[in-house]
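Reading through the structure tokens given below for one structure.
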There are 4 protein chains.
Amino acid sequence: MLGPVNRVERKRGRRVEQILAVAAELFGERGYDAVNLEDVAERLDVTKGSLYYYFAGKEQLATAAIETLGTDWTARLEELAATAEGSAAQRLRTLIRAHVAIAVREYPAALRLFLVPRTWPDALRARITEMRRRHDQVFRAVLVEGLESGEFAVVATASTLQAMHAAMSQAPLWCADLPVDEQDRAFDELADTLMKLVSPVP
Amino acid sequence: MLGPVNRVERKRGRRVEQILAVAAELFGERGYDAVNLEDVAERLDVTKGSLYYYFAGKEQLATAAIETLGTDWTARLEELAATAEGSAAQRLRTLIRAHVAIAVREYPAALRLFLVPRTWPDALRARITEMRRRHDQVFRAVLVEGLESGEFAVVATASTLQAMHAAMSQAPLWCADLPVDEQDRAFDELADTLMKLVSPVP
Amino acid sequence: MLGPVNRVERKRGRRVEQILAVAAELFGERGYDAVNLEDVAERLDVTKGSLYYYFAGKEQLATAAIETLGTDWTARLEELAATAEGSAAQRLRTLIRAHVAIAVREYPAALRLFLVPRTWPDALRARITEMRRRHDQVFRAVLVEGLESGEFAVVATASTLQAMHAAMSQAPLWCADLPVDEQDRAFDELADTLMKLVSPVP
Amino acid sequence: MLGPVNRVERKRGRRVEQILAVAAELFGERGYDAVNLEDVAERLDVTKGSLYYYFAGKEQLATAAIETLGTDWTARLEELAATAEGSAAQRLRTLIRAHVAIAVREYPAALRLFLVPRTWPDALRARITEMRRRHDQVFRAVLVEGLESGEFAVVATASTLQAMHAAMSQAPLWCADLPVDEQDRAFDELADTLMKLVSPVP
DNA sequence: TATGAATGAGGGTTCATTCAT
DNA sequence: CATGAATGAACCCTCATTCAT
């Protein structure tokens with residue numbers, strides 16, 4: 001997988017990235033139906049028609065945008081999981097905080113994504129599900145580790161992960177309008193709260 | 001507040017209910033934008049225009065549908081909270097199970113409602129928020145009671161309720177396609193898992 | 001032309017008159033297109049469908065309404081022309097005043113009628129034109145009489161009548177919102193002004 | 001206020017003008033309600049939707065069309081008033097003839113405009129009233145001048161101007177279908193007739 | 001590459017009309 | 001006689017998509 005070979009392709013690549021960034025933001029914010037290409041184009045100071053030079057249609061644009069968003073997000077979580085140190089509990093907490101922070105600050109968008117609503121076109125649903133699965137995987141690994149070492153205790157792995165994810169995904173709803181420092185406190189609080197889900201009971 | 005007084009009004013009332021049932025289902029399933037009146041009408045074996053005999057427009061139809069759904073749901077939770085017996089823990093667990101069961105079995109719709117997305121028209125957002133607030137109130141009351149009696153321990157009331165609600169709301173995503181008996185098991189599991197959020201730590 | 005023969009027919013006749021009165025008012029006020037049968041029905045405390053018991057459709061209702069209005073108006077002008085006394089000038093002035101007063105106070109409606117717009121359905125246009133023709137006839141008779149007696153002098157009969165009619169028809173635009181006594185003064189003024197059109201020049 | 005700066009803008013400007021011309025004609029002819037965008041589009045050999053590329057909606061299209069029509073018309077009358085020579089009577093007559101000619105030949109449309117009916121949307125009514133006011137102003141100026149110089153005598157300025165305007169506005173009704181040379185004669189006749197309104201009486 | 005222009009399908013809404021009761 | 005209910009055509013408007021330049 002070689003990168004762009006010449007100046008022209010590099011330029012095109014940069015343009016595509018700009019478009020995807022804008023698209024990711026809008027699709028995340030409003031959901032697939034509520035976004036119109038006119039808006040996407042306007043934010044890029046381009047005309048609607050120009051988008052078709054880079055993407056075959058609205059669906060493809062949305063797919064690519066979410067792919068980008070998802071890949072970045074996943075990569076950061078995986079990186080974090082790989083590099084974080086300390087006990088399983090410490091690492092799980094780190095992951096939760098990071099995930100929430102990304103969700104609230106960078107992709108408030110994501111709210112709609114993790115709901116996998118029937119509103120998204122089929123092609124997109126698959127990608128969204130896949131992204132969700134990979135995120136889940138990161139958390140699951142740490143959870144299992146903590147369970148095996150006896151550090152954690154859960155009722156059931158599945159429902160625990162689901163509850164965690166649900167709470168993290170919806171965080172933008174509660175925190176979006178808070179000032180930054182209060183957001184930080186809210187993240188901590190939520191992380192501590194969710195850690196109870198895995199705490200060994202007396 | 002008197003009910004319908006004669007046969008004609010009762011009949012109209014029934015029709016309105018039929019329409020609202022269909023509308024609630026569709027709006028809940030797909031969200032406001034993705035629903036078109038054609039579909040609503042078709043499910044009722046009627047033409048689009050006929051809906052305007054009962055409702056002033058799409059927004060009013062959606063508002064009424066959600067209002068109905070919300071009122072019923074809220075009433076049942078409040079009734080349950082008022083009549084349930086046992087310790088705070090037992091009652092909280094009962095509420096959780098009931099809420100999830102309603103969400104999954106009767107209003108899978110509701111998924112989108114509790115997200116309060118910017119996609120809903122303003123008038124609707126207000127109603128949805130209000131409904132959400134009332135649900136929250138039911139759970140909060142039991143939670144506070146358990147805390148005061150020392151039965152529960154939480155990191156923070158707010159984040160605990162948020163996490164609970166998030167998990168319950170998203171339950172339809174995981175359980176919708178399960179056979180009934182497995183659903184029941186899933187509900188139990190989720191309830192047990194969420195109870196950990198309030199469990200006193202050693 | 002016999003009247004209604006029994007109680008039933010008389011009752012029907014009265015109902016028809018009520019409907020026509022309301023319809024004439026509305027059609028006159030708003031024009032054919034802007035009137036909807038719902039409004040007509042509502043003012044009569046009836047449902048839309050009921051109108052169809054008395055009239056075959058919107059067009060027929062409008063036609064009858066205008067017919068009624070026109071017949072009444074014409075009759076009064078003709079009556080006035082027949083009974084008024086004095087010189088041709090005095091009688092012309094009386095007609096003008098009466099016509100304007102009726103237009104402003106009873107059929108502000110008529111504004112749109114005398115414009116014979118292409119907006120009215122064909123069948124209606126014919127009636128409107130006919131009504132206009134009969135009104136014109138009343139004025140023309142007096143005008144010709146005054147001309148023959150040497151009392152009047154005009155550039156041309158046709159344009160004089162046209163200008164008169166135009167001014168009289170539009171009077172509701174200027175006078176509609178005036179208090180009654182000022183309206184009377186305005187009528188006098190307009191009549192005097194229009195009389196100049198036939199005044200013998202020095 | 002600079003004009004279009006480049007070829008593209010000029011082209012767009014021309015297209016807009018074409019559309020406005022067609023729109024002005026139709027709106028004038030039929031009134032706001034009776035015009036549908038389908039018709040406007042069809043006359044331009046375009047589809048309905050295309051109009052929205054140039055105008056935000058029906059109302060805006062109508063507004064622009066009337067604005068254009070009114071501005072042009074007003075400008076010509078004002079120009080004529082400024083440049084015409086001779087006595088007040090000669091100039092008034094010139095204005096009358098010109099106004100009628102424009103009304104009949106170029107904007108038979110205008111019939112409905114000068115009626116300012118309640119049918120027009122509010123935004124449009126304001127523009128129409130304003131246009132009417134400016135036209136009136138042109139005539140009033142010459143009238144007042146003639147009155148001050150003793151050349152004219154009127155019963156009242158207001159009703160005289162109203163009658164004049166009414167007659168001129170309705171001229172298209174009588175003349176529209178005449179051959180050109182007869183139209184010219186009709187204009188002369190009407191002008192002469194209306195001049196009697198200001199003639200000094202013996 | 002990018003744009004301006006145009007398209008056509010679809011959605012919300014209105015309303016005259018019909019009809020069983 | 002009158003009503004409630006339903007219909008279907010027509011209208012305004014939006015928007016993804018196409019395409020010549």
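Any value given below was found using the heavy atoms of this structure, including those in side chains, with hydrogens, waters and symmetry copies removed.
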Checking all strands, does [X] fall into the base, sugar-phosphate, or nothing category for heavy-atom contacts under 4.0 angstrom?
{"X": "B/Tyr54", "result": "sugar-phosphate"}
{"X": "A/Val8", "result": "sugar-phosphate"}
{"X": "B/Val40", "result": "nothing"}
{"X": "A/Gly49", "result": "base"}

Look at the rings of B/Tyr32 and B/Trp120 and say which category their plane angle falls in: under 30° parallel, 30 to 60° tilted, over 60° perpendicular.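 It falls in the tilted class, 30° to 60°.
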Output yes when at least one side-chain N/O atom of [X] is less than 4.0 Å from OP1 or OP2 of [N], else no.
{"X": "D/Thr47", "N": "E/dG8", "value": "no"}
{"X": "D/Tyr53", "N": "E/dA6", "value": "no"}
{"X": "D/Arg12", "N": "E/dG4", "value": "no"}

Grab the [atom1]-[atom2] distance between [X] and [N] for me, whole Å please.
{"X": "A/Asn36", "N": "F/dC15", "atom1": "CG", "atom2": "P", "value": "5 Å"}
{"X": "A/Glu9", "N": "E/dT1", "atom1": "CD", "atom2": "P", "value": "10 Å"}
{"X": "D/Leu51", "N": "E/dA5", "atom1": "CG", "atom2": "C1'", "value": "12 Å"}
{"X": "C/Glu59", "N": "E/dT17", "atom1": "CD", "atom2": "C1'", "value": "14 Å"}
{"X": "C/Glu42", "N": "F/dA2", "atom1": "CD", "atom2": "P", "value": "17 Å"}
{"X": "A/Leu44", "N": "E/dT1", "atom1": "CG", "atom2": "P", "value": "15 Å"}
{"X": "A/Lys11", "N": "E/dA2", "atom1": "NZ", "atom2": "P", "value": "7 Å"}
{"X": "B/Lys58", "N": "E/dT14", "atom1": "NZ", "atom2": "P", "value": "15 Å"}

Closest-nucleotide mapping onto DNA chain F: is A/Tyr32 or D/Leu37 further toward the 5' terminus? I mean the 5' end.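 Of the two residues, D/Leu37 wins.
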Closest nucleotide of DNA chain F for D/Gln60 versus for A/Ser50: which of these residues is on the 5' side?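 The residue mapped nearer the 5' terminus is D/Gln60.
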Please tell me which of the listed nucleotides, [options], lies nearest to the side chain of [X]?
{"X": "A/Tyr52", "options": "F/dC13, E/dT17, F/dT18", "result": "F/dT18"}
{"X": "A/Lys48", "options": "F/dT17, F/dC12, E/dT17", "result": "F/dT17"}
{"X": "B/Arg15", "options": "E/dA16, F/dA16, F/dA6", "result": "F/dA6"}

Working to the nearest 0.5 angstrom, can you tell me the gap between [X] [atom1] and [Y] [atom2]?
{"X": "B/Phe27", "Y": "B/Leu69", "atom1": "CZ", "atom2": "CG", "answer": "12.0 Å"}
{"X": "C/Ile19", "Y": "C/Arg14", "atom1": "CD1", "atom2": "CZ", "answer": "13.0 Å"}
{"X": "D/Ile66", "Y": "D/Glu130", "atom1": "CD1", "atom2": "CD", "answer": "13.5 Å"}

5'-most by nearest nucleotide on DNA chain E - B/Gly57 or C/Val35: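 The 5'-side residue here is B/Gly57.
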Assign each of C/Ala34 and B/Glu38 to its nearest nucleotide of DNA chain E by heavy atoms, then name whichever residue's nucleotide is nearer the 5' end.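 Closest to the 5' end, via its nearest nucleotide, is B/Glu38.
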With a 4.5 Å limit on heavy-atom distance, are the side chains of C/Arg12 and C/Tyr53 in contact?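 They are in contact (side-chain heavy atoms under 4.5 Å apart), so the answer is yes.
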Scan every strand shown for a Watson-Crick or G-U wobble partner of E/dT21, both distances under 3.5 Å, and answer none if you come up empty.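 Paired with E/dT21, as far as the under-3.5 Å criterion goes, is F/dA2.
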Nucleotide forming a Watson-Crick or wobble pair with F/dA9, both distances under 3.5 Å: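 Paired with F/dA9, as far as the under-3.5 Å criterion goes, is E/dT14.
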Closer than 4.0 angstrom, basic N to acidic O: yes or no for A/Glu25 and A/Arg43?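 Answer for the salt bridge query: yes.
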